[in-house]
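First the structure, in the form of structure tokens, and then the observations on it.
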Amino acid sequence: MKDTVNSTTDGTTGGTVATDHQDERLQRREGLRGAFTDVVERARGGDLGVIPVVVGLIVIWSVLQILNPIFLSSQNLVNLTMESAAVGVIALGIVCVLLVGQIDLSVGSVSGLSGAVLAVLFVDQGLPAWVAISAAVIIGAAVGWVYAQLFNRFGVPSFVITLAGLLGFLGLQLYVLGTKGAINLPFDSGLVNFAQLAFVPAWLSYTLAVVAAGWLFASGYLHARERRKAGLSSKSTSALVVRSAALLVALLFMVWYLGQTRGVGWMFVFFVALVLVMHYLLSRTRWGRSVYAVGGNVEAARRAGINVRTIYTSVFVLCSSFAAVGGILAAARLAAANQSSGGGDVNLNAIAAAVIGGTSLFGGRGTAFGALLGIIVIQSISSGLTLLNLDSSIRFMVTGAVLLLAVVVDSVSRRSRTSHGRA
Amino acid sequence: MKDTVNSTTDGTTGGTVATDHQDERLQRREGLRGAFTDVVERARGGDLGVIPVVVGLIVIWSVLQILNPIFLSSQNLVNLTMESAAVGVIALGIVCVLLVGQIDLSVGSVSGLSGAVLAVLFVDQGLPAWVAISAAVIIGAAVGWVYAQLFNRFGVPSFVITLAGLLGFLGLQLYVLGTKGAINLPFDSGLVNFAQLAFVPAWLSYTLAVVAAGWLFASGYLHARERRKAGLSSKSTSALVVRSAALLVALLFMVWYLGQTRGVGWMFVFFVALVLVMHYLLSRTRWGRSVYAVGGNVEAARRAGINVRTIYTSVFVLCSSFAAVGGILAAARLAAANQSSGGGDVNLNAIAAAVIGGTSLFGGRGTAFGALLGIIVIQSISSGLTLLNLDSSIRFMVTGAVLLLAVVVDSVSRRSRTSHGRA
Amino acid sequence: MSPTQQPDAVLSLRGISKTFGAVAALTDIELDVAPHQVVAVVGDNGAGKSTLVKILSGVHPPDSGTITFAGREVDIPNPAAAHKLGIATVFQDLALCENLNVIQNLFLGQEIRPLRLNDVAMETRSWELLRQLSAKIPSVRVPVAALSGGQRQTVAIARSLLGDPEIIILDEPTAALGVAQTAEVLNLVERLRENGLGVIMISHNMADVKAVADKVAVLRLGRNNGVFDVGDVSAEDIIAAITGATDNAVARRASRRQEGLPS
Amino acid sequence: MSPTQQPDAVLSLRGISKTFGAVAALTDIELDVAPHQVVAVVGDNGAGKSTLVKILSGVHPPDSGTITFAGREVDIPNPAAAHKLGIATVFQDLALCENLNVIQNLFLGQEIRPLRLNDVAMETRSWELLRQLSAKIPSVRVPVAALSGGQRQTVAIARSLLGDPEIIILDEPTAALGVAQTAEVLNLVERLRENGLGVIMISHNMADVKAVADKVAVLRLGRNNGVFDVGDVSAEDIIAAITGATDNAVARRASRRQEGLPS
Amino acid sequence: ACGSTGGDGAATSGAEGGAENAKVAFLMPDLASTRYEQQDKPLFEAKMKELCPSCSVIYQNADSDAAKQQQQANSALAQGVKAIVIDPVDSTAAATIVRAAQAQQVPIIAYDRPIPSTPADYYISFDNEKIGSLIAQSLVDHLKAENAEGGILQVNGSPTDAAAGLIKKGIHSAVDPSGFKLLAEYDTPEWSPEKAQTWVSGQITQFGDDIVGVVAANDGTASGTIAAFKAAGKDVPPVTGNDAEIAAAQRIIKGDQYNTISKPIKIVAEAAADVAYKFMQGQKPEGKDSLYDTPSELFVPTVVTKENVKEVLFDSGIMKASEVCTGEYAEGCAALDIK
Ligand SMILES: Nc1ncnc2c1ncn2[C@@H]1O[C@H](COP(=O)(O)OP(=O)(O)OP(=O)(O)O)[C@@H](O)[C@H]1O
Ligand SMILES: Nc1ncnc2c1ncn2[C@@H]1O[C@H](COP(=O)(O)OP(=O)(O)OP(=O)(O)O)[C@@H](O)[C@H]1O
Ligand SMILES: [Mg+2]
Ligand SMILES: [Mg+2]
């Protein structure tokens with residue numbers, strides 16, 4: 001087969017113009033200047049990735065800082081990072097299910113259940129922490145597996161399956177906690193320490209920042225070289241240098257600023273690491289491709305030979321497992337598991353974080369970084385408003401208004417998309 | 001134009017075979033027998049409308065009746081009907097937004113706000129009931145209008161808009177209730193009476209049942225005659241008689257059985273009347289067609305010249321207005337408006353009712369009757385479990401399990417759809 | 001009005017351009033359509049034909065350029081505006097609602113008796129239209145999702161005949177049609193012309209173009225590449241204009257086959 | 001094995017039936033395809049051609065009948081099974097993921113280096129394939145939603161060439177293609193045949209059928225209506241078999257035109 | 001040990017900063033009961049203003065979410081408060097907050113609900129368990145006096161709310177030995193009156209006239225309970241309540257509800273302000289009691305029935321007749337001589 005096809009390749013590739021830039025309708029851009037024009041052009045075309053969310057974030061940060069100057073203080077930002085981690089991890093799982101066009105309403109209950117299981121095994125039963133943690137995560141994964149079976153076999157809408165899960169696992173959580181209702185995790189346990197007091201030493205933070213920027217440069221450089229070799233267009237080295245330097249400066253500044261008080265929490269680093277791993281899985285593996293394909297057009301994915309059921313299963317399992325991990329982090333952060341853990345607005349916040357981060361509820365569009373940005377938007381609003389001394393009624397109204405503001409900014413900057421025909 | 005097209009119509013219509021039955025690949029079915037075969041065939045093909053939900057309902061009714069024989073008692077069923085009305089009306093609005101592929105998360109808050117406004121105006125300000133009710137409904141409609149503007153102008157996802165609304169209007173509700181927190185509606189007011197003690201007199205109920213069945217027959221008969229005149233296939237009169245008689249018997253039995261205790265509540269009749277009106281609007285008007293079209297393929301609807309924005313606006317306004325009406329009914333039923341009205345699981349229940357009733361979360365599929373059936377499933381579960389003296393933890397688990405059971409039954413009977421190529 | 005405009009044109013485009021991101025899909029397009037005239041627009045894949053159609057039917061706004069309709073310069077901001085002007089379009093991607101049935105799709109936006117739909121009348125009229133196009137559709141009460149490709153295309157064409165348009169735009173109307181249906185559509189186009197409509201037809205089939213068109217406008221890479229009277233050119237000339245070369249794949253294939261290579 | 005089966009067939013269908021609700025889409029279909037053979041399946045709109053394709057590629061299970069592949073009776077419960085057997089298909093509705101770009105669609109399910117995608121290799125190969133089909137796609141990094149109809153069809157065809165199939169099924173592969181691209185696809189079909197593959201091609205274009213097919217199988221209203229050697233029949237005969245009458249719209253139109261009615 | 005560390009810390013910080021212009025955090029647990037925003041907050045703020053005009057109060061409500069309360073406490077600490085008064089959402093989980101505050105030498109005062117596992121610096125309350133037993137006992141006594149025969153329904157608070165658990169325990173302590181059969185009990189999710197109404201409706205179907213009294217854990221669930229009886233067309237048996245909302249006072253006056261309980265919120269809130277101010281000044285106030293290793297001050301709430309409603313709620317100035325005696329309640333007020 002391959003021979004047939006290759007036999008007529010006319011070998012014009014690798015000339016002076018890169019293979020992918022030969023169409024005469026394409027405006028060509030090269031070098032640093034080209035990269036810049038490209039960004040501007042993409043911005044006008046509404047194809048901006050996460051930039052709009054970042055803009056929205058900057059707007060609400062400014063508003064909140066004006067309302068209370070403590071908001072951007074180092075200490076408050078450290079709180080912000082630590083408080084984002086638990087729900088952020090849950091939102092990461094939500095991104096995955098939303099990508100395949102499904103939903104999981106039970107992440108709150110599953111996280112609560114996981115916290116309860118952890119507390120019972122670790123505190124009441126006195127098992128080692130790793131056993132308790134594994135058990136909690138395995139239960140989470142099992143929940144996702146059951147959802148996937150129900151979904152794949154019976155075709156029950158995931159909304160209803162997970163609504164049933166929401167109720168069922170809330171019940172199980174209460175049952176596991178029993179009459180006690182709440183269990184404290186010991187303050188001197190590694191787990192609580194990790195979530196409350198463990199911060200990355202300054203030297204290590206700076207090193208990590210440099211490594212991250214260096215890695216961005218190196219991988220970008222190698223990739224560009226490979227593309228050039230294959231006769232394809234590639235990012236110019238100068239553009240790469242600028243990007244890496246920008247990242248470096250941003251990271252160094254962040255590390256330095258947070259370092260003014262407690263620094264960067266290990267829990268936050270853990271969350272960011274998970275985001276990076278998920279980003280890799282979603283964008284650089286066949287599994288990730290299949291997830292987007294299933295979310296975009298499940299029938300097309302099936303016809304391409306993708307085992308759609310496996311993809312659904314993996315995604316539901318992943319989401320519930322992340323919910324369980326989030327529940328463990330939440331319990332560790334609170335140093336307790338109680339009846340209301342995972343209740344309240346955990347579900348809505350996790351889903352909202354994913355959606356605010358640009359994940360489509362209809363499937364096929366979204367990124368792992370969206371969860372990171374989305375949760376930071378949500379936690380910023382929540383944290384910013386706790387700094388204002390407001391009545392609950394006013395607080396709710398202001399929260400709603402600020403949330404809307406953040407997202408309108410985002411949507412307006414995306415808006416041109418439609419008028420440029422990318423609806 | 002018309003002439004052009006008509007000029008070649010070959011006039012073969014109106015022969016012995018109905019125009020729409022001339023294709024030789026169609027298996028022909030006529031008369032009562034044909035109608036029956038048709039149902040069986042459609043059942044095998046998975047094209048069952050609401051039948052699966054009814055089957056699911058019967059299954060859980062049986063289960064609950066076995067668990068507690070009071071469940072199907074006349075008194076409890078009367079309670080069930082009365083308790084379904086408020087959230088049922090809200091679910092009706094949710095069906096509309098889901099049909100266009102959007103969502104409204106704020107129906108709970110809006111219903112709470114509407115109850116609060118009603119109570120403040122009616123009780124605190126001493127305004128006449130109709131003024132208070134109109135004000136509450138108008139506020140609901142205004143909320144929907146604002147959502148629609150944000151959605152149409154900025155393209156903010158409705159999930160986020162209404163999430164902001166959820167928070168904002170919860171705040172407004174608290175604000176309106178002010179320091180009191182809870183306001184009693186007088187038990188002897190017409191409103192409370194309507195929601196608690198007003199039942200349709202027996203003679204009128206029976207009359208209504210007969211009228212409904214008669215109307216089904218008459219409209220079906222006239223329609224069939226018209227079709228026959230136009231040379232199209234039509235339902236046989238015998239099939240119509242059977243259907244109408246079945247409806248008559250079912251309604252008479254229901255009226256009689258509920259009449260054993262208090263009878264059929266006016267509030268329930270009001271809800272059913274709303275369902276019928278919405279059913280008419282959705283299935284028999286251009287507006288309804290447009291709603292389905294927008295939900296199925298918004299770009300195609302736009303290209304067909306439908307003013308998509310108007311449709312979105314109408315749907316959001318309708319949904320919020322129904323939420324307001326539901327809030328009024330809930331306040332009347334409780335004889336009080338308080339801070340937690342509309343909170344808790346009102347949102348989830350309303351959305352779940354719509355989804356269980358067969359409305360797709362992706363738009364374009366669903367019926368008004370779905371809301372009626374869905375809310376009855378949900379209230380049955382809730383009511384059935386209140387009769388069992390269970391621990392909360394167990395109660396939650398059983399609720400989840402029963403919900404799942406109802407929907408798995410439904411989904412399994414729909415299942416064959418895919419294997420028959422109607423995925 | 002531009003000096004080059006045909007005096008009798010009902011629809012004239014001047015200097016229409018459209019860019020999608022980095023791709024210039026249309027550059028400076030001119031086109032005139034008169035009543036009683038069938039204009040074929042041809043061009044290679046991605047030449048910008050459908051983009052042009054979408055601009056005329058209000059789906060995309062043009063980046064620049066003017067549209068003159070019946071002597072007035074007009075703006076077509078959305079499809080409803082195009083409908084109002086009397087421009088009916090069959091889109092290449094058909095733009096049907098898969099969840100609605102055939103009747104519902106045919107009458108979408110122009111239902112008979114909006115407040116109490118008259119489905120008997122609509123069904124009767126649907127069968128009339130479909131018969132006339134030789135459609136082989138067993139039932140009009142199934143959702144469009146259950147139709148074959150050709151059946152769908154017939155539905156889309158039938159839809160454009162409802163209402164009372166002055167211009168009909170057909171974007172590859174016969175691509176999925178069977179031989180009989182194609183013949184009926186060509187007959188239809190001729191009837192439309194006789195009734196005084198202007199027709200814009202996009203097609204890759206030179207035989208169809210030669211059979212029904214009066215004028216052929218060629219697009220190449222988003223630019224005008226000549227307008228021909230159909231009597232004056234051969235299919236080979238048109239193909240040469242489309243591909244931009246007389247030595248093209250079609251010609252090579254034709255000559256190879258004449259040299260007697262295995263068929 | 002059924003006695004009527006061709007001895008050298010790689011794929012044989014016997015008694016395949018499929019019903020959708022009240023519509024009998026296929027009734028008792030027989031078909032044989034040998035290596036080094038191009039079988040054209042023709043038929044009117046809604047005749048059941050695409051349904052047949054979907055059964056062969058595992059999209060729908062047949063209601064009854066047997067499929068024999070390379071001498072063994074097989075079951076094709078899902079598309080993955082068809083891929084495994086070596087059946088590659090270009091669907092009429094293309095089945096592309098609109099949210100993915102051209103490269104991602106081409107390599108969907110068969111990505112190079114699953115755990116660390118090699119996008120340089122995939123991009124290079126994509127350009128190769130598309131060049132070869134004369135595709136006019138400006139960039140392979142745009143989502144398929146932004147491509148024209150013909151560009152999409154080229155992508156779908158290119159995709160079926162990846163992997164190493166024994167049978168290629170093309171459902172109206174040239175419907176949306178320009179003249180040059182159509183010629184390339186016909187060339188491609190001939191090359192595939194030379195390389196020993198069995199090809200099933202569905203088309204409404206009799207010229208294309210006559211040009212590349214060895215055998216023509218006609219479907220009418222879901223039933224077999226004759227299998228012809230392409231050398232033995234004229235286009236008119238095939239059309240008569242398709243429409244079920246010698247006096248059909250095509251013939252009428254042709255004769256009308258010969259009589260000199262206004263063209 | 002921890003308590004004393006905290007105390008020392010507070011002393012140091014007090015010595016450094018004094019109490020002028022200081023901030024104090026007042027962290028309340030939920031919105032299910034209206035009292036926190038209606039009464040506790042304004043009373044606390046007023047007293048604080050009186051003690052220290054330049055001080056400011058940071059008020060937060062955690063809306064029944066322990067994690068949110070933790071966030072609120074952290075942000076209060078970030079703002080440099082000099083003391084925290086906290087009504088914990090979850091008595092157990094609040095341990096973290098105590099630790100965080102004490103780690104930064106900020107004294108923390110448990111208000112209303114105790115924090116048993118990690119002692120705070122002070123505890124001011126009336127005891128929720130006691131409230132449960134008081135309302136239930138009052139009902140039981142009433143039923144005995146009426147020679148009622150039958151059983152009792154118990155409508156508890158939210159299953160995920162620790163305070164509701166304490167009240168439930170208290171109710172059981174009175175109902176279980178009373179001789180009246182406990183027909184059924186229900187943990188009302190989110191304290192929702194609608195849920196309570198649905199549940200009670202079901203029980204009316206099930207037990208009919210066997211129900212001679214209902215113990216509802218707060219006024220909201222009481223209102224749902226009463227509406228359920230009304231809607232079933234039955235006479236409303238005696239129903240308890242808790243929180244002394246205005247709407248409850250109205251129902252008591254009208255005779256729909258049997259009792260509620262008035263917590264001396266004014267006294268408690270003012271006591272809390274007093275203690276907080278002392279801590280802010282660097283003193284270390286002595287408790288009158290010691291509970292859970294914490295210096296404590298406990299106040300006794302009063303059960304309100306039709307008999308004493310005038311005296312407890314109106315004569316003391318907790319409520320104004322003008323607020324309560326509107327419309328249909330005017331008659332009842334007049335009968336009780338409430339003006
Ligand atoms: N919505 C869009 N976003 C981005 N690019 C687009 C969009 N629509 C079309 N294009 C690009 O514009 C160019 C012209 O597309 P168009 O659909 O007009 O071609 P066409 O002439 O109709 O081709 P075909 O014969 O294949 O239908 C193509 O290169 C296509 O990729
Ligand atoms: N999923 C389905 N559900 C119901 N009916 C279907 C479905 N798919 C196809 N059909 C029906 O089966 C018949 C055959 O359809 P098919 O798509 O096979 O036709 P085709 O020969 O490919 O026609 P075309 O030339 O128009 O592509 C049609 O009448 C169609 O309505
Ligand atoms: Mg096109
Ligand atoms: Mg087909």
Side-chain angles (χ1 to χ4, degrees), chain C residues 20-23 42-51 92-93 134-139 142 146-151 153-154 171-172 174-184 186-187 190 194 204-207 211-212 221 239 242-243 248-254 256-257 261-263, chain D residues 20-23 42-51 92-93 134-139 142 146-151 153-154 171-172 174-184 186-187 190 194 204-207 210-212 221 230 239 242-243 248-250 252-254 256-257 262-263:
Chain C
F20 293 111
V23 178
V42 299
D44 220 341
N45 288 139
K49 307 180 293 299
S50 299
T51 306
Q92 188 175 14
D93 58 3
S134 279
K136 286 279 183 303
I137 297 183
S139 160
V142 293
L147 294 188
S148 82
Q151 291 168 335
Q153 189 143 33
T154 315
D171 194 350
E172 308 197 16
T174 60
L177 295 187
V179 283
Q181 289 76 12
T182 304
E184 292 293 358
L186 297 181
N187 287 340
E190 286 167 358
E194 278 156 36
H204 290 300
N205 187 322
M206 290 311 129
V212 298
L221 296 174
I239 292 174
I242 291 173
T243 55
N248 54 52
V250 187
R252 274 200 304 276
R253 187 175 157 79
R256 255 205 313 152
R257 288 177 60 81
L261 281 181
S263 68
Chain D
F20 293 111
V23 178
V42 298
D44 219 340
N45 288 140
K49 306 179 296 296
S50 299
T51 305
Q92 187 175 15
D93 59 3
S134 279
K136 289 273 181 307
I137 298 182
S139 161
V142 294
L147 294 188
S148 81
Q151 291 168 337
Q153 189 145 36
T154 316
D171 193 351
E172 307 196 17
T174 59
L177 295 187
V179 283
Q181 290 76 11
T182 303
E184 292 293 359
L186 298 180
N187 287 339
E190 285 167 359
E194 277 155 37
H204 290 300
N205 188 322
M206 291 309 129
K210 296 272 301 175
V212 296
L221 296 174
V230 86
I239 292 174
I242 291 173
T243 55
N248 54 52
V250 187
R252 273 199 305 275
R253 187 175 158 81
R256 255 205 315 154
R257 287 175 61 82
S263 67

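Predicted model only: the values in this text are computed from it and were never measured.
Without hydrogens or angle criteria, N45(C) side chain to G178(D) main chain gives a donor-acceptor distance under 3.5 Å.
Per-residue counts of heavy-atom pairs under 4.5 Å with chain C were compared for Q151(D), Q181(D), K49(D), R252(D); the largest is that of Q181(D). Taking V179(C), D93(C), L177(C) one by one and counting their heavy-atom pairs under 4.5 Å with chain D, the maximum is reached by L177(C). Ranked by heavy-atom pairs under 4.5 Å with chain D, the list A180(C), A176(C), A175(C) is led by A176(C).
Heavy atoms only, all atoms of each residue included: G46(D) and S148(C) are closest at N-OG, 3.4 Å.
Counting heavy atoms from C-beta outward, T174(D) and H204(C) have side chains that stay 4.5 Å or more apart. In this structure, L186(C) and R253(D) have side chains that are in contact, with non-hydrogen atoms separated by less than 4.5 Å.
There is no contact between S50(D) and chain C, counting heavy-atom distances below 4.5 Å.
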